[in-house]
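What follows is one structure encoded as structure tokens, with my remarks underneath.
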Amino acid sequence: MTLSLQAEAMVIPGAPHPAYLSIPGGDRAAPPEPAARRAFEGMARAHNDALLAFAIRLTGNPSDARDLVQDTLERALRRAESFAPGTNARAWLFSILHNAFIDRCRRRKTEARSESIDEMEVAAHEPEEPPRWTSISAEQLSAAVAALGDEFRVVYELHARDGLSYQAIAERLGIPPNTVGTRLARARRKLRTLLEDGGAR
Amino acid sequence: MTTLCESLHAFADGELGAAEAERFRDHLATCELCARELHDHMMLEALGPGSRGAPASNVRSLDEARRRLRRGLGVLSVLAVTVAAAWAIKVSLGPEASGPLASRSEPALEVAATRSLEVRLAYPGADRYRPYDVARGSERAGGEAVPLAALAALEKRGDLHGVGAGLALSGDLQRAELSLDRAGDAGDVAADRAALALAEGRAREALAALDALLERIPSHPQALFNRALALAQLGDARDAAEAFDRAAALGEPGWSDEARARATALRAGSEARGTGPGGAKGAGKVP
């Protein structure tokens, strides 16, 4: 499951042989043909930093994050044909990252309870994601953000675009950090609803 | 269970402590609701502007820089309104809400997503890169809603440089100058005095001050950037473009991209009509 040796290469930007170049054909699926593979590598390279940054947040440490991204890219490669060209590649990859992470959490929990961790096999959590997220455009997202109520929008913008922490936003707006958290959560739920209603695809 | 579900967003935003985050990972293994909401969260993150923690990509062409600037302007009007709303909330919460500010060494003073001052300020709490909002700057409609509590805290602490920077951001250039006059002679203060002179259209005075400062501190980032602006304002497109190249060479995220884009625009403009956009801009009155 782990390819930790190759995972080291993931963090070196512009490294000549990133890990996903040396992914073995895979035991579950035939390797894609060269052209498709090249396209996939380009995509993986373009979103590697974003995946890794988010994976660090999910796992809490860089080395687990690298493993998780490696796992994500392997899964993505196996399911490359499920990506619809022209849709949002980063969203597609993030969706796979999500599945890989949830599986990891489940496996860990089961392992913690189990006596024989070696033989542990957990059903892979790979639900078919409806394509709605990957086909939402930047314009649709900004329209949805613009439709948020003022108090939600400003917090969301400060967080998503300016990359401010809860504390920094709290200081800037003079509200408690907890309030920042709850507003962000509500802003995101509203956005999801707005995007669903707005009928992205 | 329910209390754990509430920390989903804090977890996904990297805001939980290590132990709490660990507990939440366990929770995620069994809570289908949280798993689904995390998915939505990640989709928004993926669709959103840039990814936090990832290195900023470079602006590859002037066109792209323009597109980005326009995109920035689009959200600006939205933000101007919301800042006012946020301000109202702040006021209703009263002064104790600004407590944390007092504990920070340099509170960030910027509020808006774009900057209304074309010049760069050297005060550390006022130099985060934000695209320049041409419309807002040239209308002279005033700056951003810098929290008064922040200014008060700076004043109380005797940080006149900070007060000056905050006043400048909020559009009160004259009072900003008065503050900076009393803020001593540190390099950053001198840079900001020159920046204000430039912002008020006294390009020649600014240029002289910046040259003097750069002699002292040759690669002072804000001084290099503002010197290029001053040259552009004086109509010296070629020197201005070169000066922007020097500023861009420092490789600061955001600022370097803008400097590069401005250098390119100046070169294109000087070929076409002998003056670059910096020189032609309404914000800069050529003395």
Side-chain angles (χ1 to χ4, degrees), chain A residues 13 49-50 52-54 56-60 88 90-91 93-95 97-98 101-102 105-110 112 125 129 133-134 136 138 141-142 145-146 150-151 153-155 157 159-168 170-177 181-182 184-185 188-189 191-192, chain B residues 6-15 18 21-22 25-30 35 37-55 71 74-75 78-79 81-87 89-91 93 97-98 100-101 104 107-108 110-111 113 128 130 147 149-150:
Chain A
D49 290 345
L52 191 60
F54 203 88
I56 289 175
R57 253 191 275 165
L58 291 176
T59 61
N88 190 312
R90 185 155 68 175
L93 286 169
F94 265 52
S95 195
L97 174 69
H98 171 263
F101 177 66
I102 297 291
C105 292
R106 292 182 179 167
R107 206 176 322 118
R108 222 182 44 154
K109 186 142 182 142
T110 321
H125 166 81
E129 291 300 341
W133 281 111
T134 49
I136 288 171
L141 178 61
S142 2
V145 172
D150 285 350
E151 60 175 332
R153 182 171 45 206
V154 75
V155 171
E157 294 276 10
H159 190 268
R161 196 195 29 231
D162 299 347
L164 297 188
S165 68
Y166 288 12
Q167 182 65 32
E171 285 175 15
R172 191 165 294 200
L173 302 182
I175 56 179
T182 50
L184 267 178
R188 288 171 178 140
R189 283 180 201 132
L191 282 176
R192 183 187 54 203
Chain B
E6 277 167 20
S7 39
L8 166 73
H9 288 266
F11 168 77
D13 288 329
E15 294 275 350
E22 203 51 24
R25 285 182 197 105
D26 273 347
H27 169 68
L28 263 179
T30 52
E37 187 149 354
L38 176 66
H39 181 262
D40 289 343
H41 177 114
M42 289 173 68
M43 291 301 96
L44 281 173
E45 184 93 10
L47 295 169
S51 180
R52 298 186 302 137
R71 234 180 298 148
V75 259
V78 167
L79 235 107
V81 177
T82 50
V83 162
W87 179 243
I89 294 158
K90 181 185 174 55
V91 168
L93 282 171
S98 56
L101 274 176
R104 282 187 41 180
E110 312 101 327
V111 181
R128 184 171 58 90
R130 298 172 296 163

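Chain identifiers are assigned alphabetically (A, B, ...) following the order of the sequence lines, protein sequences preceding nucleic acid strands; residue numbering begins at 1 within each chain.
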| Which pair of non-hydrogen atoms, one from B:Glu45 and one from A:Arg90, has the smallest distance, and what is that distance? | O-NH2, 4.3 Å

| said: salt bridge (charged side-chain N to carboxylate O under 4.0 Å, His left out) for A:Arg188 and B:Glu37? Distances and angles first, verdict last. | reply: CA-CA 9 Å; A:Arg188 288 171 178 140; B:Glu37 187 149 354; over 6 Å; no

| said: Using 0.5 Å steps for rounding, measure from the CH2 atom of A:Trp133 to the CG atom of B:Leu47. | reply: 6.5 Å

| remark: Whatever's closer than 4.5 Å to a heavy atom in chain A on B:Arg128 counts as side chain

| message | With heavy-atom distances below 4.5 Å as the criterion, would you say the side chains of A:Phe94 and B:His39 are in contact? | response | no

| remark: Of all heavy-atom pairs linking B:Ala35 and A:His98, the shortest is O-NE2, 2.6 Å

| query | Residues in salt bridge (charged side-chain N to carboxylate O under 4.0 Å, His left out) with B:Glu15, at least two apart? | reply | none

| remark: Looking only at heavy atoms, the pair that brings B:Ala46 and A:Asn88 closest together is O-ND2, 4.4 Å

| field | ring-ring contact (aromatic ring centres under 6.0 Å, His included) against A:Phe101, all qualifying residues, sequence neighbours excluded | value | none

| task | Measure distances from A:Thr59 to the heavy atoms of chain B and classify the residue's part below 4.5 Å as side chain, backbone, both or neither. | result | backbone

| query | Side chain, backbone, both or neither: which part of A:Leu93 has a heavy atom under 4.5 Å from chain B? | reply | neither

| note | Between A:Lys109 and B:Thr30, the two heavy atoms sitting closest are CE-CG2, 4.0 Å

| task | Using the side chain to side chain contact (heavy atoms under 4.5 Å, CB included) rule, take B:Leu38 and A:Ile102 through it: C-alpha gap first, then chi angles, then the decisive distance, then the call. | result | CA-CA 10 Å; B:Leu38 176 66; A:Ile102 297 291; 4.3 Å; yes

| said: With a 4.5 Å cut-off on side-chain heavy atoms, are B:Leu44 and A:Leu141 touching? | reply: yes

| Counting N and O atoms only, with roles assigned by atom type, does the side chain of A:Arg57 sit under 3.5 Å from a partner on the main chain of B:Gly14, one being a donor and the other an acceptor? | no

| A:Ala185 and B:His9: which non-hydrogen atoms are nearest, and at how many Å? | CB-CD2, 3.4 Å

| request: State, yes or no, whether a side-chain contact exists between A:Arg108 and B:Asp26 at a heavy-atom distance under 4.5 Å. | output: yes

| message | Need one label for A:Ala138: side chain, backbone, both or neither, based on atoms under 4.5 Å from any heavy atom in chain B. | response | neither

| task | Grab the two heavy atoms, one from A:Leu58 and one from B:Met42, that are nearest each other, plus how far apart they are. | result | CD1-CE, 4.1 Å

| Proximity breakdown for B:Ala10 and chain A, heavy-atom pairs closer than 4.5 Å | both

